[in-house]
Structures are given as structure tokens and as C-alpha cells.
Engineer: 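Please see the structure below; I have some questions.
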Amino acid sequence: MPAARLVARCHWSAVVLAALLVFTGSARAEDGYALWMRYVPLPSALAAERSEQLQEIVAPDGTPTQRAAREELVRGLTGLLGHAPTLRTTIAGDSGLILGTPQTSSLIAPLQDELAELGNGGYLIRRMRRDGRDVILVAARQDIGVLYGAFHLLRMLQTGAPLDRLDVRESPRVALRVLDHWDNLDGYVERGYAGRSLWDWQSLPEWRDPRYTDYARANASIGINGAVLNNVNASAWSLAPDYLVKAAALADVLRPYGIRVYLSARFSAPIELGGLTTADPLDPGVQRWWQRKVDEIYSYIPDFGGFLVKANSEGQPGPQDYGRSHAEGANLLADALAPHGGVVMWRAFVYAHDVPADRTTQAYTEFKGLDGAFRRNVIVQAKNGPLDFQPREPFHPLFGAMPRTPLMMEFQITKEYLGFATHLVYLGPLYEEVLQSDTHARGPGSTVAQVIDGTLEGHALTGMAGVANIGNDRTWTGSHFDQANWYAFGRLAWNPHQSARDIAADWAAMTFSPDPAVVQPIVDMMMGSREAAVNYMTPLGLHHLMARGHHYGPGPWVDGGPRADWTSVYYHRADGSGIGFDRTASGSNAVAQYAPAVAARYGDINQVPEALLLWFHHVPWDHRMASGRPLWDELIARYAQGVRQVQAMQKTWATLNPVEPGLARLPLAIDPERHAQIAAYLNIQRREAQWWRDASVSYFQSISSRPLPAGESAPPHPLLYYQSLQFPSAPGDGR
Ligand code: BDP
């Protein structure tokens with residue numbers, strides 16, 4: 001229990017020093033800007049012990065990446081230990097820290113063979129005796145591995161992990177670990193709840209805001225190695241020379257941190273930018289245009305990563321406009337990128353308004369038959385579930401269904417459907433649930449994580465994308481707790497087999513305090529928070545019940561409008577007899593898109609997990625649930641439970657209030673500034689959870705005509721009141 005040990009050694013002097021730093025340092029010291037890289041002083045006894053071990057550092061500075069690693073260590077150790085380490089070319093004392101590759105260090109050179117077995121970006125951290133000295137090595141094959149290793153070591157220091165018998169061996173399991181920014185060129189962020197875009201296109205390329213470097217540091221600290229700079233609903237202008245120069249400036253800043261820049265490409269750009277009359281992928285003129293465009297991009301950004309494409313989805317142009325397939329469209333761009341080593345991330349988030357089929361079936365229907373038809377540098381990017389980033393969905397049926405095609409995961413980090421930035425919802429459990437789902441594609445134990453890391457079908461091109469929750473808000477993510485979602489995404493992209501709880505524990509220790517009395521309750525809050533949101537929004541497998549357009553607040557009554565599958569009634573199908581979308585053979589038969597073992601389980605009302613019951617079945621209100629209650633009572637109980645879960649989070653958070661009398665036990669474990677904002681946000685969440693509960697209960701009761709179970713209070717307003725609420729300026733939807 002490393003953190004416990006740390007606290008056992010905690011001395012008041014260090015606590016007081018930390019307090020002084022918090023309060024005498026910059027007024028912004030604890031406004032969240034530092035993310036999980038706060039590097040506040042360790043308790044003095046521990047700091048003294050670590051100082052002895054880490055006082056001398058050998059770290060090369062011959063390349064920008066080497067300098068980044070060295071600077072981060074100096075920054076981190078100075079903060080954690082209270083003084084700067086001594087930088088040397090060889091260790092002079094009894095012990096020290098040596099960073100490098102076989103090329104930069106004669107002490108690391110003997111590890112060459114072992115390092116050669118690590119994947120790109122992999123590293124070793126090892127404590128050993130070398131030349132009679134007690135040294136810690138952070139060693140890798142490439143500079144970027146050394147940088148990742150340096151961050152790993154800092155994480156161990158921040159969380160109070162022991163350094164004796166240190167033997168860490170890490171390699172990323174996924175090749176492309178990418179943030180997708182849905183940022184427009186005018187600074188507006190689609191589905192963004194953290195201010196405006198981080199990219200200031202107006203002042204680029206001349207002004208390289210230091211914030212870009214901090215963004216790169218944060219990403220490198222969790223292994224993210226790609227950034228798609230612009231919205232998937234792309235403007236062709238992103239590919240115009242003026243903007244390429246700006247993107248190149250960003251690429252220069254991100255490069256030392258191992259981050260490649262990608263762009264979302266608008267399929268019709270040859271028409272809009274090139275003046276052609278068509279964007280048909282089989283047209284030689286179009287092919288030439290893309291080749292020239294790609295060559296031009298590489299002249300600005302020599303390590304450009306490639307394109308992300310949303311085509312023939314929600315009105316975006318695409319190959320089907322010319323009677324061509326998604327594969328023909330993707331291959332057009334792939335052929336232009338291949339000579340430069342770039343990739344195409346082609347999205348499978350497609351559904352067409354003229355297809356009357358259950359919307360959740362359309363991606364599979366369109367893509368399954370294209371398995372094997374894509375070029376080698378194409379990776380198909382599917383959302384985690386078949387609908388659209390809901391609080392809970394089953395895993396996407398394409399995972400495991402296209403063995404000859406690399407498939408990458410798309411998670412949403414920004415909380416479009418999960419209460420925006422003001423609701424505390426830790427997404428680690430959502431990601432973990434999807435990644436651990438068993439596709440049965442090659443028999444039991446064929447998890448989504450194995451599809452994503454390429455081991456199931458032997459793909460080397462692998463990837464995980466997260467729709468970023470980052471903006472120019474001082475906290476980066478719009479709230480302190482949403483930083484955890486960025487963090488967890490990065491850690492899971494590095495290794496999709498990790499535990500969401502362990503990741504939360506690391507994050508909480510670094511972000512707030514490694515004191516177990518702080519970490520434990522925070523981790524418990526985080527781990528329960530996603531289920532709370534499911535309960536107060538869309539329990540038991542319900543989905544897409546948010547208000548129309550902006551998705552802020554409840555809208556289970558949403559009906560009519562341009563298309564049925566943008567309404568709530570399409571999804572919940574509640575009537576006098578029951579509720580839920582029948583996706584079994586008697587309904588849309590979406591369940592048949594899964595492997596037979598999965599289909600059998602989900603398709604059987606007695607076997608389907610209750611969490612997905614109403615996703616797959618239309619269920620009578622009287623259906624007996626595991627609790628013994630009828631479905632109607634259970635539904636109402638879940639809504640109330642969601643509200644209670646938020647209240648419980650508030651209570652827990654109150655116990656961590658540093659200004660609360662009687663809490664001398666945890667002096668300044670959490671600074672008052674962040675504590676207060678989080679407390680206020682929890683209040684918003686509680687109020688809105690109640691709103692969700694009241695509005696949903698009121699609406700569903702108008703359909704079921706059933707009495708509320710004993711003990712359940714009637715919503716304070718009539719249904720019409722909830723239906724009349726309007727939020728024309730809700731964030732993230734329009735400008
Ligand atoms: C939906 C969002 C929309 C995105 C779309 C997508 O509401 O803003 O453009 O996904 O992923 O969830 O393309």
C-alpha cells in the first residue's frame with residue numbers, strides 16, 4: 001500500500017510547506033491548470049529519502065525530445081523534492097538517475113537487446129547496481145520511450161509508490177492513441193464544454209502559445225501520440241495553404257512530445273478548394289488532386305499522420321454521392337498518403353435518412369461486406385456502441401466482425417450525453433466495460449480490447465481515438481473531474497486492459513493528494529458516478545432520451561422533426577403495455593449482428609443483462625425484474641437511485657472540505673478553491689439529476705398510466721412544465 005506508507009511518513013513540516021506553496025505561489029497555483037502534473041512537495045521524510053536517490057541525474061539534451069524529458073524531470077523533481085536535482089554527465093556520488101538510450105548512455109548500452117524487444121515508445125525503469133553505484137535507469141530504444149519513462153517515474157513519485165526493487169517494463173499495446181478535436185476554424189468547439197478551441201488559428205503560426213506545449217506535455221504523460229486538429233464535420237479550408245502553415249506550427253510544438261498532427265478531411269474538398277466539378281474517388285482528376293494536396297501537406301508537415309474522415313454521415317459528402325463505396329472513398333485518400341507513411345482513419349459512424357432500418361444496424365450493414373476491401377493504411381474507426389456515445393450501449397457489433405480490417409475505437413471524452421462539464425461522471429468504467437466486452441468473434445474470451453490492440457486478428461495497425469473534452473478553459477476540460485476522463489482515455493489507449501479503478505486512484509493521488517484518506521473516497525465517488533448518471537438519465541438500457549439538438553437535460557417526449565431516429569420516442573417505444581426497443585428477431589433483429597453466443601444472450605429476455613434490457617427488448621410493464629419488482633416499479637426506483645447516488649457523492653465530497661472544522665486530520669489535502677468549485681458543480685448535478693428524474697417519471701407515467709410505487713414522490717410540476725423548458729443557448733450546439 002504505497003500511498004499509505006507515504007502518509008505514515010508524512011511530517012507536518014512538509015504539509016505546512018505544501019500549504020505555503022499553495023497559498024503564496026501564483027494565485028493560479030490550484031486552479032486546475034497543472035492537471036495531474038502538479039508536482040507539489042512530498043512529505044519531508046519521503047522527500048529526503050527520494051532526494052538521496054535522485055539528487056544526481058544524467059539526462060542527455062541532444063534532441064528536442066531528450067530536452068523535453070530532462071526538463072520534465074527537473075521540473076517534477078524540483079517540485080516534489082523541494083530543490084533542483086544536479087545534472088551531470090556521469091554519476092559522481094553513490095546513487096543517481098540515468099535517462100537515455102543505448103546511443104546516449106554506456107550504462108544503458110548493455111540493455112540493447114532487451115530494449116529491442118520493446119514496441120515503439122516502450123521503456124524500462126530499473127533499479128540496479130552499476131559500477132558500484134545504486135542507479136535507477138530510465139531506458140528505451142528511442143527518445144520518446146525515455147520521455148514516457150520519465151513521466152512514469154514521476155507518476156510513481158507523485159503517488160508514493162516504492163522505488164526499491166524497481167523493475168518496470170512497458171510498451172504501448174495500441175499504435176495510434178489519438179485525440180479527435182471537434183474544433184472549427186472560428187474557435188467554436190462542437191460538443192465542447194470547456195470554452196473555445198485551444199488552437200488560436202488567428203495568431204498562428206507566429207504565436208506559439210506556451211499552452212500548446214503544456215497540452216503536449218499532458219498528452220505525452222499518458223502516451224497520447226496523435227491529435228486530429230479539426231472537427232470531423234470538416235471545413236475544406238483546413239486543407240488550404242494558409243491553414244497548413246498554422247497546422248505545421250502546431251506540429252512543430254507537438255513533435256518533441258511524440259505527437260503527430262492529423263487533419264479531418266472533407267471529402268468534397270477537390271470541389272471546394274480545387275474547383276473540380278466532382279469528388280468521385282474513381283475520377284483521375286480527383287485522384288491527382290488528392291495526391292498533390294497530400295504532397296503539399298507533407299511539404300509543410302513531414303511527419304503528418306494522415307486523415308480522419310466522416311463521409312456520408314449526417315449530411316457530410318462522401319463516396320456514396322457518386323455511387324462508390326466507403327472502401328473506394330477511403331482508398332482514394334490512402335493511396336495518396338501511402339508513399340508518405342500516412343494513414344486514413346475512416347469513420348463507421350454512418351446512417352442515412354433514406355434508410356428506414358433501425359439506425360443502430362446501419363454501420364454494420366454498410367461496412368461488414370467491405371471487410372478486406374480497404375488498403376493497408378486504412379483503419380476503420382467505430383464508436384464504442386452502435387448508436388452514439390450514450391451513457392450505456394452494448395459494444396459495437398463491428399468489433400470482431402471485420403477480421404481482415406484494422407478497427408479502431410472511438411470513445412467520446414467530452415460528455416455530450418452525460419451531463420456536460422458540470423456533472424461528475426468518470427468515464428473509466430464506461431470505457432472498461434466496452435473494452436472488456438466479449439465479442440465471441442473467435443470463441444469465448446475475444447474481447448473488444450483484443451480487437452483494438454490487434455492481437456485477436458494479428459493487425460499491426462491499431463488505434464484508439466477519444467473525442468477531446470479540451471478547450472481554453474483554465475481547467476482545460478471545463479471541470480476538475482473531467483480531467484480524469486482525458487487521463488483515463490490516454491492510459492487505456494496505451495493499454496486497453498488496465499483497470500479503470502487503478503487509473504482513477506493514480507489520477508486522484510496526483511490531482512488532489514496521495515493520502516489514502518483522500519484517494520479512497522474520491523475513487524469510490526468516481527467509480528460509482530457513471531452508474532449514477534445511467535440511473536438518473538437512461539436506466540435499464542434506455543437510450544437517446546436527451547433534449548433535442550443540444551442534448552441538455554431530459555427530453556423523453558421528443559417526437560417529430562426532420563427524422564424519426566433523432567427523436568426519443570423512436571428509441572424508447574413506450575406505450576400502454578410496455579417500454580423498450582425490440583431488437584430481437586421479432587423486431588429489428590439488430591441482435592443478429594453479434595456473434596451467435598452474444599446474440600443468444602442479448603436476444604433472450606431472461607438472459608440479457610438488466611443493464612441492457614430495454615436496448616434489446618420491448619418489455620411489459622409488469623415484467624418481473626431480478627429485484628422481484630415489476631419493471632415499472634424498477635424503472636421509477638432507478639431514477640430515484642440515481643438522485644440518491646449524486647447526494648451520496650455530495651456527502652462524501654463534504655467530508656473532504658479543507659475548511660470544515662474538525663478536519664485537521666486532512667489539512668489542505670484538497671485546496672479550498674477546487675473544493676468549492678467541485679461542490680458547486682455537484683449541486684448543479686444534484687439539481688439536474690432531480691430534474692431528469694421528475695421529468696422522466698412524469699412523462700413515462702403519462703404513457704404507462706400506472707401509480708407511482710409506495711414511497712416515490714410525485715414530480716413537483718405537471719409534465720407540460722418539463723416539456724416547456726427551453727435552452728436555446730445551451731453550450732456545444734451552435735455558436
Ligand atoms: C454526434 C454529435 C455530432 C457529431 C456526430 C459525429 O451530436 O455533433 O458530429 O456525433 O460523431 O454525437 O459525427
Side-chain angles (χ1 to χ4, degrees), residues 178-186 188-194 197 228-235 238 262-268 307-318 320 326 329-330 345-353 359-360 362-363 366-367 380-393 396 398 408-421 425 427 430 434 463-471 485 489 537-538 543-553 555 558 561-563 565-568 570-571 727 730-735:
V178 182
L179 285 180
D180 291 352
H181 290 267
W182 284 0
D183 296 15
N184 291 349
L185 294 178
D186 63 2
Y188 168 75
V189 183
E190 181 157 339
R191 309 308 180 183
Y193 313 102
S197 173
V228 182
L229 300 180
N230 60 321
N231 193 352
V232 284
N233 296 320
S235 157
S238 295
Y262 298 74
L263 291 171
S264 290
R266 186 165 164 86
F267 199 78
S268 55
F307 292 132
L308 170 65
V309 187
K310 172 175 178 177
N312 293 122
S313 167
E314 299 185 330
Q316 295 298 319
Q320 292 176 343
H326 282 288
M345 300 180 286
W346 191 269
R347 295 179 90 222
F349 177 69
V350 297
Y351 62 99
H353 64 278
R359 176 173 146 188
T360 67
Q362 293 182 31
E366 284 192 38
F367 276 80
V380 171
Q381 176 171 307
K383 289 188 178 180
N384 57 274
L387 182 53
D388 194 3
F389 300 137
Q390 295 301 296
R392 173 168 279 123
E393 297 189 31
H396 201 300
L398 276 177
M408 76 188 278
M409 172 66 74
E410 180 175 0
F411 283 128
Q412 197 176 42
I413 311 174
T414 189
K415 303 205 313 296
E416 173 183 356
Y417 294 100
L418 284 130
F420 301 179
V425 182
L427 299 175
L430 187 162
V434 175
M464 194 187 293
V467 179
N469 61 350
I470 299 163
N485 292 328
F489 166 76
M537 289 183 180
T538 51
H543 44 284
H544 212 298
L545 304 184
M546 295 75 194
R548 199 196 291 275
H550 49 60
H551 302 151
Y552 173 61
V558 169
R563 45 188 302 164
D565 55 7
W566 282 356
T567 69
S568 303
Y570 173 85
Y571 293 104
F727 306 94
D733 177 53
R735 33 224 62 219

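One-based numbering along the sequence shown. Both counts, for ligands and for their atoms, begin at 1 and track the order of listing.
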Engineer: Using a threshold of 4.0 angstrom between heavy atoms of the protein and any atom of ligand 1, which residues qualify?
Structural biologist: W182, E190, R191, V232, N233, K310, E314, R347, F349, K383, D388, E416, Y417, H551
Engineer: When you compare the side chains of H326 and E366, does any donor N or O come within less than 3.5 Å of an acceptor on the partner?
Structural biologist: yes
Engineer: Going through the distances and angles, do V309 and R347 end up as a side chain to side chain contact (heavy atoms under 4.5 Å, CB included)?
Structural biologist: CA-CA 6 Å; V309 187; R347 295 179 90 222; over 6 Å; no
Engineer: Under 3.5 Å, is there a donor-acceptor pair linking the side chains of Q412 and R191?
Structural biologist: no
Engineer: Do K415 and N469 pair up side chain to side chain, a donor and an acceptor below 3.5 Å, judged on atom types alone?
Structural biologist: no
Engineer: Can you confirm whether or not the ring centre of Y417 sits under 6.0 Å from the ring centre of F389?
Structural biologist: no
Engineer: Kindly indicate whether the side chain of N231, heavy atoms from C-beta on, has any atom under 4.5 Å from the side chain of S264.
Structural biologist: no
